[in-house]
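Please read these numbers as outputs of a predicted model, since none were measured by experiment. Reminder, nothing fancy here: chain letters follow the sequence lines and each chain counts from 1.
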Protein chains: 2
Amino acid sequence: MRLRIGNKDLIKDINRSLVINEIRLNGPISRTDISKNLNLGLSTVTNIVEELKTQKLIFEIGEADSTGGRKPILLEFNYNYGYTIGIKIEENNLIFALTNLNADIIRRKKVPFKRGSNSNDVLELIIKNIEDLIKAIPMDRSLLGIGIAISGLIDQKRGRLIYSGMLNWSDIDISGILKDRFNVPVYVDNDVNAYTLAELWYGQGRTLSNFIVVTYGSGIGSGIVINKRLYCGDFGGAGEIGHMVLVADGRKCECGQKGCLEAYASENFIIDYIKENIQFFKESKINIDEELSIEKVYEYAKNGDMLAINALKLSAKYLGYGLLSVINIFNPSTIILAGEGMVAKDIILPVVIDIVKNNFF
Amino acid sequence: MRLRIGNKDLIKDINRSLVINEIRLNGPISRTDISKNLNLGLSTVTNIVEELKTQKLIFEIGEADSTGGRKPILLEFNYNYGYTIGIKIEENNLIFALTNLNADIIRRKKVPFKRGSNSNDVLELIIKNIEDLIKAIPMDRSLLGIGIAISGLIDQKRGRLIYSGMLNWSDIDISGILKDRFNVPVYVDNDVNAYTLAELWYGQGRTLSNFIVVTYGSGIGSGIVINKRLYCGDFGGAGEIGHMVLVADGRKCECGQKGCLEAYASENFIIDYIKENIQFFKESKINIDEELSIEKVYEYAKNGDMLAINALKLSAKYLGYGLLSVINIFNPSTIILAGEGMVAKDIILPVVIDIVKNNFF
DNA sequence: AACATACTTTTTTCAGTGAAGCAAGTTATA
DNA sequence: TATAACTTGCTTCACTGAAAAAAGTATGTT
């Protein structure tokens with residue numbers, strides 16, 4: 001990143017940003033209060049507000065009660081100034097959401113596609129659906145940007161998909177293709193990071209400087225926020241805590257390594273563990289001959305099946321050790337646990353919390 | 001951190017910083033080149049340079065060869081503008097260094113104190129020696145700041161020592177005491193972070209945005225640099241990679257946890273391993289009855305003793321697994337390995353590199 | 001070799017610009 | 001009449017850009 005030099009444009013940009021954010025986050029608010037909160041001159045605020053009003057980025061929403069003088073005029077951010085489209089690419093589904101700037105969903109759409117489709121066909125499908133969604137935007141407003149979440153390794157800076165095992169795609173310039181077509185900024189990131197940004201901007205992370213989001217489900221991933229910014233590493237692949245070594249020389253992991261956290265705390269491990277140990281649980285109702293899905297395991301556990309419960313608890317134990325490492329490394333005030341695996345949180349959380357509490361250095 | 005509003009002071013501060021840093025890092029340099037490199041107006045550079053010259057922060061060092069026109073006047077940063085004192089508190093030694101702003105050491109001093117001394121006595125000793133060092137500063141120059149490195153848990157923001165096991169001190173307002181006495185900024189951090197900052201400012205890290213320093217010795221620690229800033233975590237304790245769980249339910253660690261990296265990759269492990277396994281190495285020359293120090297182990301290893309070599313290699317193997325986890329989490333372009341353990345790098349490095357290369361996801 | 005002319009490059013000067021800041025004034029209310 | 005909210009007009013100051021000044025080099029002529 002090149003450092004910006006100080007000049008009048010910089011001042012302008014800074015103060016406009018400050019005023020917009022003050023109104024967006026603390027609005028409705030009066031000019032006087034903005035001035036006090038930001039320590040900006042009152043006349044400066046007046047001028048900036050005037051400009052933002054003509055740009056329709058903000059508007060006067062009405063007046064508040066007087067406290068002994070002229071009533072303050074309340075300003076509010078125009079959340080419908082523009083719209084954005086968010087897309088999640090799943091294994092055989094596209095999920096679209098058209099939102100305003102408050103992330104209110106205006107329209108939502110789920111579009112299936114054939115598992116294993118090639119990237120060109122799916123991108124074609126994405127373009128068609130974006131065109132369709134754009135029609136729902138009011139005439140005098142416009143699309144401001146597109147965000148895409150894909151499970152895989154992403155070059156965030158260039159908006160390229162480097163590799164996705166789930167889709168079996170590699171090296172696709174998603175941002176370039178869509179930017180050419182729609183002429184708006186296009187952001188691409190993996191699903192965990194996208195979820196982490198959501199927590200940072202709209203969720204529990206709003207008030208935090210540093211936190212880690214850990215997703216627990218088919219695999220284990222994490223999003224890292226440091227100094228209020230998502231950290232992606234030098235090659236875009238930070239946060240792969242699923243492939244931390246938890247058991248030196250341990251179980252083989254899909255990635256090729258041995259003893260990864262993900263080889264112990266994941267859906268696959270739970271199912272494998274049940275298969276390996278069903279012989280020791282004569283009273284278990286689990287039928288090993290039918291295809292065993294993770295949902296069925298949850299079902300069995302809910303009904304008190306000890307094998308299912310043990311498998312979940314063991315997986316949770318390893319998850320706890322993984323979190324312990326994360327805590328020792330990042331020393332964050334908060335860790336957010338999420339992911340499909342959390343549907344069994346009644347069983348998992350007590351185990352995890354117990355391990356973390358009793359072992360933290 | 002409160003955001004600064006945009007005004008003329010901000011512009012001034014930014015551009016003065018940019019010019020100073022340009023001269024400091026790329027000097028000697030002419031006004032014209034500064035203007036080109038920073039994209040700042042030539043007249044602006046002239047004005048700022050004039051100001052910095054009267055402040056004696058920079059000076060004109062001479063002229064460079066002409067390239068067909070007027071000779072450029074070269075500007076250089078005045079590294080002797082002021083001085084700083086750096087102090088490392090060891091188990092029974094204080095190490096002082098008086099340096100100029102180029103980190104050139106003007107004077108260095110080693111002052112022993114009684115192991116187990118209380119903090120007041122040692123701080124008294126520190127103050128006396130600082131007073132002594134200040135006498136070595138030229139009359140017209142001054143002390144600009146003090147930096148202190150201690151092994152332990154530090155509250156960097158307040159400059160307080162929270163707890164040091166090595167010294168058996170806790171909750172000491174080091175910064176407050178010295179700031180009151182000398183009226184200059186005082187920075188306190190643990191030894192690993194201090195070393196990491198040295199790498200960031202003067203070492204291999206100068207050109208890197210993200211890197212991790214891993215110290216391997218009596219324990220394992222790490223310093224984390226993200227976006228050119230040292231990351232300390234919300235409670236000042238980030239980087240404790242020594243207490244990552246490497247072997248679930250493994251060896252007991254000094255910290256109370258089980259299976260920490262430090263329980264496997266550390267001097268203590270190496271010595272314990274030798275004691276536990278000497279029975280299997282009949283040909284080993286190691287005499288288990290004498291007090292076994294890590295230095296002696298290195299000596300034995302250098303002379304080809306297989307037990308010593310095996311112990312070092314095994315410890316290195318675990319270190320490799322630890323680094324693998326660090327790489328998976330941070331995805332940095334560079335890891336810097338340092339610490340006393342590296343004196344045996346001929347044995348350790350090949351093992352570590354092999355593990356990392358063959359396993360990286 | 002001495003000199004004149006043309007061109008280059010570096011640095012300085014100075015009027016102009018614009019964003020913030022300040023103070024006095026206006027509006028609206030208790 | 002006092003007070004709070006907001007507006008207007010003027011001042012300030014750091015950057016900008018163009019022109020001028022300073023200090024060279026390159027080349028051709030006598």
Side-chain angles (χ1 to χ4, degrees), chain A residues 2-20 22-23 26-55 58-76, chain B residues 2-20 22-23 26-55 58-76:
Chain A
R2 203 179 160 66
L3 281 173
R4 259 189 95 167
I5 61 171
N7 56 22
K8 274 172 278 200
D9 286 351
L10 179 69
I11 293 186
K12 213 175 165 181
D13 287 353
I14 289 176
N15 289 341
R16 265 148 201 70
S17 292
L18 286 172
V19 170
I20 291 172
E22 188 67 24
I23 297 173
N26 301 327
I29 188 171
S30 71
R31 289 165 175 78
T32 310
D33 284 343
I34 296 172
S35 164
K36 277 181 198 151
N37 290 353
L38 295 179
N39 253 319
L40 259 179
L42 196 50
S43 50
T44 308
V45 173
T46 295
N47 287 329
I48 293 174
V49 162
E50 196 52 40
E51 200 177 304
L52 297 177
K53 260 170 59 188
T54 58
Q55 287 172 38
I58 61 170
F59 52 83
E60 297 183 343
I61 200 186
E63 295 174 335
D65 287 344
S66 162
T67 55
R70 180 173 170 179
K71 282 180 180 169
I73 302 167
L74 295 177
L75 302 164
E76 188 164 66
Chain B
R2 205 177 159 62
L3 281 172
R4 259 188 96 167
I5 60 171
N7 56 23
K8 274 173 285 202
D9 287 351
L10 179 68
I11 293 187
K12 217 175 163 178
D13 287 354
I14 290 175
N15 289 340
R16 267 150 200 67
S17 292
L18 286 173
V19 170
I20 291 173
E22 187 65 25
I23 296 174
N26 301 328
I29 188 171
S30 71
R31 290 164 175 81
T32 310
D33 284 343
I34 296 172
S35 165
K36 277 182 199 151
N37 291 352
L38 295 179
N39 253 317
L40 256 180
L42 201 50
S43 44
T44 309
V45 174
T46 295
N47 287 329
I48 293 173
V49 162
E50 194 51 40
E51 202 176 302
L52 297 177
K53 260 169 61 188
T54 58
Q55 287 172 40
I58 61 170
F59 52 82
E60 296 183 344
I61 200 186
E63 294 175 336
D65 287 345
S66 163
T67 56
R70 179 171 170 177
K71 284 180 181 167
I73 301 168
L74 294 178
L75 302 163
E76 189 164 66

How would you label the contact of B:T46 with the nucleic acid (heavy atoms, under 4.0 Å): base, sugar-phosphate, or nothing?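 If one applies the 4.0 Å heavy-atom cut-off, B:T46 turns out to touch a base.
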A:K12 near the nucleic acid: base, sugar-phosphate alone, or nothing, with a heavy-atom cut-off under 4.0 Å?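 It contacts sugar-phosphate atoms only.
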In whole angstrom, what separates [X]'s [atom1] from [N]'s [atom2]?
X     : N      : atom1 : atom2 : answer
B:D13 : D:dC15 : CG    : C1'   : 15 Å
B:D9  : D:dA14 : CG    : C1'   : 10 Å
A:E50 : D:dT7  : CD    : P     : 7 Å
A:K8  : D:dC13 : NZ    : C1'   : 9 Å
B:D65 : D:dA23 : CG    : P     : 18 Å
A:I73 : D:dA4  : CD1   : C1'   : 12 Å
A:E60 : D:dA5  : CD    : P     : 15 Å

Angle of first-five versus last-five pair axes in the helix from C:dA1-D:dT30 to C:dA30-D:dT1, to 10 degrees: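 Inter-axis angle at the termini of the helix from C:dA1-D:dT30 to C:dA30-D:dT1: 20°.
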Please list, chain by chain and in numerical order, all residues satisfying side chain to side chain contact (heavy atoms under 4.5 Å, CB included) with [X], sequence neighbours excluded.
X     : answer
A:I23 : A:V19, A:I29, A:I34, A:I58, A:L75, A:F77
A:D13 : A:R4
A:S35 : A:L42, A:V45
A:I11 : A:N15, B:I11

Under the salt bridge (Lys or Arg N to Asp or Glu O under 4.0 Å) test, which residues partner B:E60, sequence neighbours left out?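 Salt bridge (Lys or Arg N to Asp or Glu O under 4.0 Å) list for B:E60, sorted by chain: B:R31, B:K53.
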Just verifying a value: how many Å separate [X] [atom1] and [Y] [atom2], rounded to the nearest 0.5 Å?
X     : Y     : atom1 : atom2 : answer
B:Q55 : B:R16 : CD    : CZ    : 8.0 Å
B:T46 : B:E50 : OG1   : CD    : 8.5 Å
B:L18 : B:N37 : CG    : CG    : 11.0 Å

Listed pairs under 3.5 Å, donor-acceptor, residues 62-74 of chain A side chains, sequence neighbours left out:
residue	atom	partner	partner atom	Å
A:S66	OG	A:G68	N	3.0
A:S66	OG	A:G69	N	3.0
A:S66	OG	A:G69	O	2.5

What are the 5'-most and 3'-most nucleotides of DNA chain C lying under 4.0 Å from any heavy atom of chain A?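 In short, chain A contacts DNA chain C from C:dT17 to C:dA30.
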Nearest heavy atoms of B:N39 and A:I5, plus distance in Å: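 It is O-CD1, 3.3 Å.
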Taking side-chain hydrogen bond (donor to acceptor under 3.5 Å, both in side chains) as the test, write out the residues that go with A:N26, two or more places apart.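 Testing A:N26 for side-chain hydrogen bond (donor to acceptor under 3.5 Å, both in side chains), a comparison that skips the adjacent residues, returns A:E22.
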Nucleotide by nucleotide, 5' to 3', does protein get under 4.0 Å of the base (B), only the sugar-phosphate (S), or neither (-) in nucleotides 16-21 of chain D, counting heavy atoms? BB----
